[in-house]
Structure formats: C-alpha cells, structure tokens
Amino acid sequence: MAGNAIEVSGLTKAYGPLRAVDGIEFTVPAGQVFAFLGPNGAGKTTTTEILEGLRNRTSGNVRVLGLDPWKEGDELHRRIGVIPQEFKFFEKIHPREAIDYYGDLFDRPVDPESLLKRVYLLDKADSKFDTLSGGQKQKLGLALSLVNNPEVCFLDEPTTGLDPQARRAIWEVIRQLKADGRTVFLTTHYLEEAQLLADQVAIIHHGRIIVRGTPGEIVASRGRPDRLRFESGPELARYLAAHLPFAVTSEDGHVDVEIATPADAQRVFDTMSTSGLGTPRFTVQRDSLEEIFVRAVGQMDDGLLKSEGGA
Amino acid sequence: MRPRRIVSDFKVTARGYLRNSAAIFFSLIFPVILIGIFGLIFSSSGSLPTLYVLNADHNSAASRQFLATLNATHAVSVSLVNGETPQGFSDYLQSQQYSAGLVIPAGFGTAYAAHDPVQLPLYVNPGDQATSGAAEAAVGSAVTAFNLHAANGSLIVSAAMSEIGGRTYTYVDYLVPGLIGFSILTSPMFAMTEVTATYRKEGLFRQLSLTPLTRAEWLTSKIMWYTALTLAAAAIMISMGYFLLGARFIISWEILPFLLLGPFLFVSLGMLSGSIAKTPETAAIVGNIITFPMMFLAGTFFPVSSFPPFLQTIAHLLPLYYVIDGLSAVMLFGNNVRALVDLVVVLVIAIVIFIGAVLAFRWREE
Ligand SMILES: Nc1ncnc2c1ncn2[C@@H]1O[C@H](COP(=O)(O)OP(=O)(O)OP(=O)(O)O)[C@@H](O)[C@H]1O
Ligand SMILES: [Mg+2]
C-alpha cells in the first residue's frame with residue numbers, strides 16, 4: 001500500500017468561459033479516505049469524473065493508480081469502483097440481477113445476498129429499479145461499485161438523500177473499505193461525515209481548493225479557540241473579563257470564554273467561584289469542520305480570503 | 001468480444017423488455033392485431049370476390065345449372081339475393097356498395113331450352129377492378145359453356161389460365177411478408193432510437209463504460225434480442241396467416257437470412273438516429289422521420305407493384321423495401337435469385353449503417 005493512489009496537479013476543466021476546475025493539485029496516499037467538500041457547483045463532480053475517466057480534462061496532470069484515466073480508462077475501470085452523484089440504472093432490472101450482471105461483466109464471482117445485505121437493500125433484492133426510492137437506488141449504486149473488488153472507490157455524494165440509519169450503514173461500509181486497504185475518494189455535503197471518516201479533507205470553491213489538511217489540522221489551524229459557554233448574563237462577562245486574561249463575549253443569554261488548555265479552564269472555574277454570581281450551567285464549544293467550511297466559503301465569497309490555489 | 005458478457009447483457013435486455021408491457025404490445029401483439037384487421041378487411045367471405053346473383057328464374061333447372069357452372073369457375077363466390085326486382089337491382093347493388101351483380105331473368109330456362117337468345121344483365125363497379133374483372137371472367141366462361149352445350153359442341157381452343165408464380169395470390173398472401181417486414185422495422189427502430197437517446201441522457205452509457213462491457217458487445221446483444229423478437233413475431237404472423245386467414249406461402253430456410261439481417265439493419269439504424277439526436281425528444285422525431293415513410297411505402301401493407309410509378313421509385317430507395325421484396329420473393333414466388341439480390345442490397349446497407357452507428361455512438365463525452 002505504498003505510494004499515491006491519486007495524483008493531481010495543475011488540473012483545469014473549462015466549459016466555454018467557465019473554469020469549473022481551475023488549477024487544483026492534491027494527492028491521495030493509497031489506503032486513505034479523502035473527502036472532497038464544497039458548495040453546489042464548486043467543481044466536485046467535474047473533478048471526480050475526470051479522475052474516473054468519464055470526462056476529459058482541459059489541462060493538467062492526473063494519475064489514478066499510475067494510469068491516465070482518459071487514455072487508459074479500460075484498464076483503470078477494472079480496478080476502480082464508482083458511484084455517480086445520481087445513480088441511474090436500467091428501469092426494469094432487479095438489484096439481485098444487477099449484481100449478477102456486473103459479476104458477469106467483470107468476470108467475478110459475486111454473492112448478491114451478502115452484498116445487498118451489506119448496503120441494507122436485501123429487502124428490495126427483487127424489486128424493479130424504477131420502483132426503488134432515491135436512497136435505495138443509491139445503495140444499489142454502492143453495491144455495484146464494490147462488485148469488482150476495487151482498489152480505489154469514487155463515491156460522489158453516496159449518502160445524500162439517505163435516512164440516518166442508512167447513512168450510518170454506508171459509513172460502516174466506507175470504514176470497511178478503508179480497513180481492507182482500499183483508497184476512498186468521497187465527495188459530500190455532510191461535514192460531519194468528512195470529519196468522521198476522512199484522513200484528508202479538501203474544500204473546493206469556484207474550482208479552486210481553498211482549505212486542505214486532516215480534519216484535525218484544519219480545525220486546529222482554522223477554527224476559533226475552544227470556548228467555555230455559561231448560561232449567564234453580561235454581569236458575569238464583565239466580572240470574568242476583569243479578572244482573567246482571556247477573551248470574553250456575552251450574547252443571547254450566554255457568556256463565551258476562549259480557552260486554550262485545561263489549566264485555562266481551571267482558572268475560569270476558580271474565578272467563577274469567587275465571583276459570588278453562582279454556578280450557571282456550562283458547555284464546551286469547539287468549531288466543527290462545518291463552521292470552518294461555512295466561514296471559509298463565506299469569506300472567499302466576500303473576497304476576504306485569498307485562494308490558496310493549488311497549494 | 002466475450003460471450004459471457006454478451007449473454008449476460010442479452011439476459012438483462014430480454015428481462016427488461018419482457019417486463020415492459022408497452023414494448024411487448026408493439027412488437028408482438030400489435031402486428032397480430034394488424035394482420036387480423038387487414039386480413040378481415042380484404043378477405044371477407046373467403047378470399048374470392050363476391051358476385052351477387054338475382055335469380056328471377058328460380059325453378060328452372062337451367063338457372064340452377066348456370067349457378068353451379070359459375071361456382072365451378074372458382075373465380076368468384078356466388079351469393080344469392082332474394083326479394084329484389086331485376087329493375088331495381090342496379091340501385092340495390094349501389095346501395096349495398098356491392099361491386100358485381102348478375103341477373104338471371106325470368107324465362108331464362110325456357111328460352112335456353114328453345115334456343116332463343118337471352119341476355120343476362122351483369123353489373124360491375126369499374127372502380128373495383130379485382131371484383132369486376134373476376135365477375136366478367138366467371139360469367140363469360142359460364143356463358144361460353146352454356147352456348148357450346150346448346151350447340152352440342154365441345155371446347156376446342158381453351159386457355160389454361162394460371163397466375164404468375166403458378167398460383168392465385170390473395171391479399172393475405174402478400175400481407176404476411178409485408179407485416180413481418182413491418183415488425184422487423186418498427187420494434188427495433190422505435191426501441192433503439194429511444195434507448196440510445198435516453199441511456200445517453202441518463203448517463204447509463206457512462207455507467208456501462210465503467211465496466212468491461214464494450215460497445216460492440218452491447219450492440220451485439222441488442223441485435224441478438226431483436227432478432228429473437230423478430231423470429232417470434234414472424235412465427236406468430238406466419239401461423240396466424242396460415243391457420244386463421246388461409247394465406248399460403250412457401251416456408252423455407254431462405255427466409256432466415258432476412259429475419260437475421262433485417263433486425264441487424266434496423267437496430268443499427270435506430271442506434272444511429274438515437275446517437276445523432278441531441279435529446280430523447282429530437283431522437284423520437286428523427287426516428288419517426290426515418291420510420292414512417294418506410295412503414296407505409298416499402299410494401300408493408302400493400303404490394304409496391306400496386307403503387308403509382310413515382311411512389312414505386314421512392315419505395316426503391318427504402319431499405320425495408322428490399323427486406324420485404326426478398327421475403328415475398330422467397331415466400332410467394334420461390335424466386336431465390338431475386339431474393340439473393342435483395343439480400344445483397346440489405347447486407348450492404350446494413351453494414352454501412354452499422355459502421356455509421358458505431359462511429360456516431362459514444363459511451364462517454366468530452
Ligand atoms: N457539461 C457541462 N457543461 C457546462 N458546464 C458544466 C458542465 N458540467 C458542469 N458544469 C459547470 O461546472 C461547475 C461545476 O459543476 P460540478 O458538477 O462539478 O459541481 P459540484 O461541485 O459537483 O456541485 P454539486 O454539489 O451541486 O454536485 C458548475 O458551475 C456547472 O454548472
Ligand atoms: Mg456534484
């Protein structure tokens with residue numbers, strides 16, 4: 001599992017005057033889960049399909065498993081699994097037959113039962129595809145993408161439209177893929193999902209990558225400091241601000257105190273007990289990827305954040 | 001080309017088709033309905049034209065003898081009319097829209113016995129050539145027989161008449177090869193045009209491009225399926241024509257090449273028209289523009305030889321014409337030389353269109 005499963009540099013895709021992908025660069029080490037985030041129209045699907053060999057690129061360098069996806073698609077397709085953003089299939093086929101069909105096409109033995117069970121679709125094994133719900137179709141797409149035992153899986157929004165239980169089931173499948181040593185390229189709008197599953201995250205906006213790193217790194221470098229939040233009023237805020245070197249804000253009936261270490265927290269509680277203002281309920285606030293995402297995208301739209309381009 | 005992939009895709013295609021009741025209706029049931037309707041319209045009371053006879057001389061042996069002679073010509077089927085007068089007979093025929101009628105006048109028997117000249121009024125509708133011609137021939141030959149008999153003569157010169165090809169053809173005989181051609185044309189054309197355009201729009205071809213299935217394998221399995229469908233439709237139509245409508249034709253293996261090449265041609269043509277159109281909607285229009293002229297002008301419902309000359313010229317430009325002409329050559333005339341010429345034409349057109357279709361057909365787009 002050495003080396004990079006995916007290598008991208010200087011990748012662009014232009015549709016007329018629109019640069020849907022505008023010079024991006026990243027690598028995905030083999031065996032990792034890479035989450036690709038970004039608002040609608042950011043260029044996620046375009047990038048994903050270029051990696052899958054479904055679309056040609058305008059310029060740049062792309063290697064997946066060492067192959068050029070557009071020119072060496074036939075060989076690549078035997079080694080990757082793909083579920084497109086909106087999975088569609090033959091209207092009248094049953095999921096069980098679809099899996100047997102893919103088994104024949106890839107010349108692989110398959111067990112439709114266990115595969116369908118894995119994606120929670122066994123109860124619909126013998127229903128026509130056009131009678132399946134959106135989420136059920138997506139599950140079949142996932143099952144089909146696994147038939148050829150792929151080294152790299154491309155999942156374009158695999159959990160969009162799924163109910164919470166099914167979403168967790170898909171997460172389990174993705175974790176299993178990683179445990180098997182496969183590489184996963186995942187696009188999603190659920191930041192929580194990226195945070196839970198991904199080794200690496202990239203946020204793309206207007207065709208450029210604006211944030212990249214492990215979820216932990218991103219939260220550490222881009223997130224605001226952790227905050228202790230008390231359900232209390234401005235009185236407490238004034239007292240704490242006067243007695244502590246930390247930033248204190250008061251808003252909507254709660255008081256936030258920025259802290260960096262557990263020792264800082266200890267100092268806050270000690271100061272509280274001497275204030276004579278009682279002991280209000282408290283929580284610890286930490287920026288999630290979601291908040292960072294919303295701020296990063298918002299700032300870029302406001303022209304505040306300079307794009308990192310491919311860096 | 002891997003057989004396993006082709007067979008698997010064939011199974012998927014077949015199942016999908018069999019689960020689609022509209023498709024089944026158009027490919028298997030609709031031709032049966034057509035053959036039934038056309039057969040009934042054009043072969044009322046067997047396959048012979050009807051001659052309506054008013055016998056105003058009922059009780060004479062001579063009149064009955066004359067009717068028997070008419071029947072024996074096998075050119076018409078005689079239907080007796082009762083309750084009409086000879087004077088009103090012409091109006092009666094017109095009101096009933098009958099095309100041929102004959103009056104045996106009162107006193108016919110007596111006059112015949114006395115060797116007195118007697119005239120039988122024969123009414124025909126010149127607009128219905130088939131019926132009036134048959135009526136004239138039948139009445140003419142019965143009259144001749146009676147005259148000879150009265151003169152105690154016997155027939156010296158006679159024409160041994162038979163129709164081209166050695167037998168008498170009826171409309172249903174022509175109809176069966178025509179309708180087989182109809183189904184060879186329509187089921188692949190309509191389905192493939194739609195399938196090609198929708199699969200592209202819905203991204204199904206891209207989905208397939210991610211598997212080892214090749215375009216040639218995909219196309220092969222479609223051709224196999226429509227060939228199977230054509231064979232089934234042809235078997236149904238031949239047995240319907242034969243058992244229900246009394247059509248007669250030669251069934252020999254020379255039919256097969258047409259049943260194989262026909263679907264090959266029209267699956268390719270359907271794929272081509274689905275590929276060149278940008279959307280499923282325009283694909284349907286393109287498909288119809290190609291299909292409809294062929295559906296009517298290539299000899300499907302009526303023999304091309306009965307068309308006015310300029311339509312015949314157009315018919316000769318339509319690929320389906322050669323399929324139907326070849327089928328008729330084999331099934332009706334046993335003319336295998338002509339069929340071979342047709343077959344070569346079909347083969348050449350099919351190969352050209354197949355290549356065009358493969359070139360125009362893309363799994364994925366830039
Ligand atoms: N075939 C095409 N022709 C023209 N423009 C296109 C085409 N495909 C995508 N685009 C444009 O490229 C941009 C990126 O689209 P893309 O589908 O990659 O977005 P995305 O990040 O996947 O969005 P979403 O989250 O909505 O799926 C969009 O502005 C879109 O309009
Ligand atoms: Mg997308």
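Within every chain, numbering begins at 1; the chains are lettered A, B, ... in the order of the sequence lines, protein sequences first and strands thereafter. Keep in mind that this is a model prediction, so the values were computed, not measured.
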Counting heavy-atom pairs under 4.5 Å with chain A, which one of B/T198, B/D9, B/L18 comes out on top? B/D9

Just verifying a value: how many Å separate A/D74 CG and B/T211 OG1, rounded to the nearest 0.5 Å? 9.5 Å

Applying side chain to side chain contact (heavy atoms under 4.5 Å, CB included), run through A/F87 and B/Q207 and close with a yes or a no. CA-CA 9 Å; A/F87 176 72; B/Q207 188 67 34; 3.5 Å; yes

Say you draw a straight line from CZ of A/F90 to OH of B/Y17; how long is it, rounded to the nearest 0.5 Å? 16.0 Å

For A/E172, what residues pass the salt bridge (Lys or Arg N to Asp or Glu O under 4.0 Å) criterion, not counting sequence neighbours? A/R175

Charged N to carboxylate O below 4.0 Å: is that the case for B/R5 and A/D104? no

Looking only at heavy atoms, the pair that brings B/R19 and A/K92 closest together is NH1-O, 2.7 Å

How long is the straight-line distance from OG of B/S209 back to CG of A/L54, given to the nearest 0.5 Å? 5.0 Å

Is the shortest heavy-atom distance from the side chain of B/K11 to the side chain of A/Y101 under 4.5 Å? no

Should we count CD of A/E72 as having more than 12 external heavy atoms under 6.0 Å? yes

For the CD atom on A/E86, are there more than 12 heavy atoms of other groups (residues, nucleotides or ligands in this structure) within a distance under 6.0 Å? no

Residue by residue, which of residues 38-52 of chain A have a heavy atom closer than 4.5 Å to a heavy atom belonging to chain B? A/E49, A/E52

At a heavy-atom separation under 4.5 Å, does A/F129 approach chain B through its side chain, its backbone, both, or neither? neither

Taking the side chain as C-beta and beyond, is there a heavy-atom pair between B/R206 and A/K88 under 4.5 Å? no

Neighbourhood of chain B inside residues 131-149 of chain A, taking heavy atoms under 4.5 Å as contact: none

Rounded to the nearest 0.5 Å, what separates atom CG in B/L204 from atom CD in A/E91? 9.0 Å

Leading residue by heavy atom contact count with chain A [cutoff under 4.5 Å; candidates B/L208, B/V7, B/N20]: B/L208

Which of residues 212-230 of chain B have a heavy atom under 4.5 Å from any heavy atom of chain A? B/P212, B/L213

pair B/R15-A/K128: side-chain heavy atoms closer than 4.5 Å: no

Kindly check if the number of other-residue, nucleotide or ligand heavy atoms within 6.0 Å of OH (A/Y120) is above 12? no

What I'd like to find out is whether the side chain of A/D107 reaches to under 4.5 Å of the side chain of B/R2, using heavy atoms alone. yes

Need one label for A/P150: side chain, backbone, both or neither, based on atoms under 4.5 Å from any heavy atom in chain B. neither

